[in-house]
Structure formats: C-alpha cells, structure tokens
Amino acid sequence: MSDRSQTLAKVLELIEPFNKKGVAVSESTRFAQDLEWDSLTVLDFVANIEDEFDVIISMNMQAEIETVGQLVDALEKLKA
Amino acid sequence: MIDLFDKFDPLIEQRAALLESGITDPFNLVMEKVESPTVAICNGRRTILLGTYNYMGMTFDPDVVAAGKQALDEFGSGTTGSRVLNGTYGGHKAVEQALKDFYEMDHAMVFSTGYQANLGVISTIAGKEDYIILDIDSHASIYDGCALGNAQIVPFRHNDIEALEKRLKRVPEGAGKLVVLEGVYSMLGDVAPLKEMVAVSKANGAMVLVDEAHSMGFIGEHGRGVAEAQGIIDDVDFIIGTFSKSVGTVGGFCVSNHPKFEILRLVCRPYVFTASLPPSVVATAATSIRKLMDSADKREHLWENSKRLHAGLRQLGFTLGTDEPQSAIIAVIMPDLETGAAMWEALLDEGLYVNLARPPATPAGMTLLRCSLCALHSEEQVGEILDMFAAAGRATGCIS
C-alpha cells in the first residue's frame with residue numbers, strides 16, 4: 001500500500017466511530033454536509049487524527065478542508 | 001439581485017415559529033425602570049433581576065454615582081476622540097491607575113468595551129507565524145480576536161489539561177505560543193483548572209492570557225479572579241477584564257507586567273481606532289474598582305447566595321450546569337428551546353428575570369436559563385427566587 005492509501009485507510013477507520021448515520025464514506029464525502037458533524041464532533045475527530053499522526057490541524061487549516069480526500073492530502077503534506 | 005439577507009432565513013423562521021406560539025420575545029425585554037441592582041420594572045411589573053452580571057451591585061453605589069455626576073459636570077458628556085489623540089483625560093489615567101493598584105501590576109490599558117479588549121490584545125500580539133491555543137468554549141470576543149488576527153488557531157476540549165498539553169507540544173519549533181483561557185466560563189458558570197493549565201503552558205514556553213470577566217471583584221482574596229484564588233496570578237502574562245460586570249459600568253481592560261506592554265497603545269487597532277470612554281464612565285469605574293478592593297464582606301455574602309440558590313434549585317429537581325456552585329453563575333439546563341422559552345416566560349410572569357441562552361452562545365447545543373447572583377440580593381430575595389422557580393417549573397412541567 002502506498003503512503004497515501006495507508007493514510008486514507010487510517011482516516012476512514014477514525015471516521016467510523018463518528019459515522020452515526022452509517023454514510024458510505026469515500027474521498028469525496030464532505031464532513032459538514034454528508035456526515036452532518038457539529039463542532040464538538042469535529043473537535044473530537046480532529047483530536048484523534050492529531051494524536052494518530054502527531055500533527056496539529058489548526059482551525060485555519062480545517063476551514064480549507066471540506067472532504068475526506070482533502071484531509072488525506074493535508075495530512076500527507078503535514079507529515080512530509 | 002441576490003438578497004444578502006437570505007442566509008438568515010432559517011433563523012428568521014425559527015424565531016417566527018417561537019413567537020407564533022404567543023410567547024414573550026425573550027430577546028426583546030425592556031426594563032422600564034430600574035430601582036436597584038436587584039429590582040426593575042418590566043412590563044409594568046416589579047421584577048427581581050437574576051441575570052445582570054451585576055455581581056457586586058455597584059451600579060447604584062452612592063459614591064460611584066456621585067463620581068459619575070461630578071465628571072459629567074466637570075468634563076462633559078464625551079471625549080469625541082481616540083485614546084491616542086484627544087481622548088485621554090485625567091480620568092482615563094486615573095482608572096488605569098486604579099486597575100494597577102487593584103491587581104498590583106505594572107501596566108493597565110483601558111478599552112471601550114470588554115469585547116474590544118479581547119479583540120485588540122489577542123489579534124495584535126499573536127502574529128502570522130504564531131499559534132493561539134484556546135479552550136473550545138471560549139467567549140465570542142476571544143474567537144473574534146482570533147479571526148481579526150492572522151495566527152494559527154488551535155482549540156482544545158473544554159478544561160482538558162492533557163488536550164492542552166498535547167497541542168502545546170506539537171506546535172512547530174520556533175513558533176510563538178499564546179494560550180487563552182477564562183477564569184469562569186459564563187455559560188455554565190464553571191471554573192478553569194488554571195493552576196495546572198498555566199503550569200503546563202509555561203513549561204512549554206507559551207504566554208498565557210486569562211479572561212477574568214466573570215470573576216473580578218468576587219473570586220480570590222482581593223477579588224482579582226480565579227488566577228488569584230488558585231495562586232498563580234504572577235504566572236499569567238495578561239489578564240483581560242471588563243467594567244460591565246462587577247465594576248458596574250461599561251469598558252474593558254488588560255493588565256500585565258510585560259515590560260514592553262505600553263507599545264500596544266500604538267499598534268492595537270481596536271484601541272486606536274475608536275472613541276475613548278466618556279469621562280463619567282471612567283470616573284464611575286475608578287471609584288467602583290477602588291471600593292471593590294475592600295469588599296470582603298460582600299464577596300462572602302455573594303458566595304452564600306450562590307450556594308443557597310444552587311442547593312435550592314437542585315432540591316427542586318432542576319438540572320444544573322455544575323455539581324457544585326463554582327461562581328456567581330448558576331445555569332439551569334433546559335431540555336430544548338421551546339421549554340426554555342416557556343419557562344423563561346413563566347418566570348417573568350412570576351416576577352423574575354433570568355437570561356435565556358441558546359446556541360451558538362452555549363456549548364453542546366444546550367438551552368440554558370442562566371442565573372447570575374448579586375451581592376445585594378438579600379436572603380429574603382433568594383427565598384423568593386426559589387419559590388418562583390418552583391411555581392414556574394411546575395406550571396411548565398419542567399419539574400414535578
């Protein structure tokens with residue numbers, strides 16, 4: 001598995017506990033509109049992502065991240 | 001043409017639906033007459049005030065009122081100018097001196113509101129390469145200060161020391177760090193573990209700003225706030241406060257021991273590009289602050305009020321924001337906005353005013369009836385308040 005697909009797999013795994021509606025998640029899934037996450041859910045999810053990848057995702061960066069794919073791209077950049 | 005107001009349609013509809021039920025608009029109450037810090041006339045009816053933040057009851061203090069009148073006579077109704085141009089009078093320096101004495105700190109800078117104090121200090125000191133790490137439940141003025149500036153914004157879970165520490169450790173090497181905390185969080189009335197949080201922040205090389213808006217005058221031996229009560233006030237770099245709560249007028253401030261603090265007067269836009277406070281306001285504030293230094297008895301009575309209301313409401317069967325009373329704010333948690341609004345109206349009919357608070361001001365989408373006590377509420381009034389909560393609670397089905 002490439003680095004990116006490993007990152008994607010991990011992100012998908014971390015989304016699941018918060019995927020209360022059982023949405024089929026792909027790279028194009030949008031956090032706000034499709035998963036219908038509120039700000040507290042986002043906070044908890046981001047905390048888990050940060051712990052997993054040992055990075056900081058500021059609110060400024062979060063504002064640019066709409067979809068799962070964009071999050072994976074951002075993580076790839078942060079890890080680099 | 002796209003109507004720029006279309007984006008407000010969901011809120012307009014929610015509001016219309018609520019008012020259609022015949023309920024009094026909770027966000028449009030008029031106080032026709034104010035008799036004292038604890039009593040006003042609303043809709044022609046004598047109403048006990050339990051939602052004013054007037055913690056120390058200074059608004060009708062005879063010395064405070066006299067100082068305001070004298071300043072009005074001697075200095076006129078307003079300054080018509082910025083602090084850095086024609087808007088600094090003797091009274092502005094005097095209130096800054098009163099703050100330095102109150103906090104025993106080297107510097108004090110007065111803004112036109114508390115909101116502007118947060119807006120100004122936070123947006124100015126944290127620059128593009130810096131990180132602001134803040135509690136997720138921070139007040140709107142803190143978030144707006146972040147939005148006005150260019151720093152990277154990193155929130156952490158409310159009052160979670162470990163979450164703060166983890167984020168501090170991940171901030172890139174060489175970046176400046178500002179941790180923003182509040183002493184008392186105004187929605188639930190809970191207190192922050194400042195001692196631990198400030199220690200963790202210092203250990204990781206961060207500067208710390210604490211907003212003590214809801215604790216000044218009341219919490220701590222000298223009323224300096226939660227940082228004083230927890231013994232770490234000397235480790236806090238900036239304290240933000242307001243005149244619109246315990247001090248009993250309007251205005252905001254920042255106090256600090258930072259040696260370069262005074263430069264903020266030239267670079268802080270919400271300080272420079274607005275008119276300064278009227279002379280009467282700074283005169284009332286200075287008088288009030290000096291009286292607050294010596295108000296241990298009032299502080300004690302306010303604690304008693306807070307404990308009694310908390311215990312009484314619990315006994316009646318209400319769900320409260322904190323297990324123990326931690327401040328002068330007692331938040332009653334309502335199941336939803338409709339019930340909250342009905343209960344709010346029932347209390348008003350009984351002759352009691354509290355704040356109805358709802359998202360986005362509240363955490364976790366809660367609807368709250370927020371009660372803030374005053375040192376001038378008598379024992380008798382607290383008893384009346386509990387009776388009114390019992391009657392309104394039963395009438396609306398909130399308690400059995």
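Everything numeric here is computed off the predicted structure, so don't read it as measured data. Throughout, protein chains are lettered first and strands after them, A, B, ... in sequence-line order, and every chain is numbered starting at 1.
No more than 12 heavy-atom neighbours from other residues, nucleotides or ligands sit within 6.0 angstrom of CD on B:E162. For CZ of B:R269, the number of neighbouring non-hydrogen atoms (other residues, nucleotides, ligands) closer than 6.0 Å is 12 at most. Other residues, nucleotides and ligands contribute more than 12 heavy atoms inside 6.0 Å of the CD atom of A:E52. Within 6.0 Å of the CG atom in B:D323, the count of heavy atoms belonging to other residues, nucleotides or ligands does not exceed 12. Enclosure of atom NZ in B:K195 is not indicated, since only 12 or fewer non-hydrogen atoms of other residues, nucleotides or ligands lie within 6.0 angstrom.
For residues 4-15 of chain B, an interface with chain A (any heavy-atom pair closer than 4.5 Å) does not exist. Within residues 60-75 of chain A, the residues having any heavy atom closer than 4.5 Å to a heavy atom of chain B are A:N60, A:M61, listed by residue number. The contact list for residues 32-51 of chain A toward chain B, using heavy atoms and a distance under 4.5 Å, reads A:L40, A:L43, A:D44, A:A47, A:E50, A:D51 by residue number.
Neither the backbone nor the side chain of B:A147 comes within less than 4.5 Å of any heavy atom of chain A. Only the backbone of B:F156 comes within contact range of chain A, with at least one heavy atom under 4.5 Å from a heavy atom of that chain. Heavy atoms closer than 4.5 Å to chain A are found in the side chain of B:I136, but not in its backbone.
Under the side-chain contact (heavy atoms from CB on, under 4.5 Å) criterion, B:D137 pairs with B:D135, B:H158, B:Y185, B:P363, sequence neighbours left out.
Across A:V55, A:I57, A:I56, the residue that shares the most heavy-atom pairs under 4.5 angstrom with chain B is A:I56. No other option in B:I133, B:V154, B:V171, B:I153 has as many heavy-atom pairs under 4.5 Å with chain A as B:I153.
Residues A:D54 and B:R170 meet the side-chain proximity criterion, which asks for heavy atoms closer than 4.5 Å.
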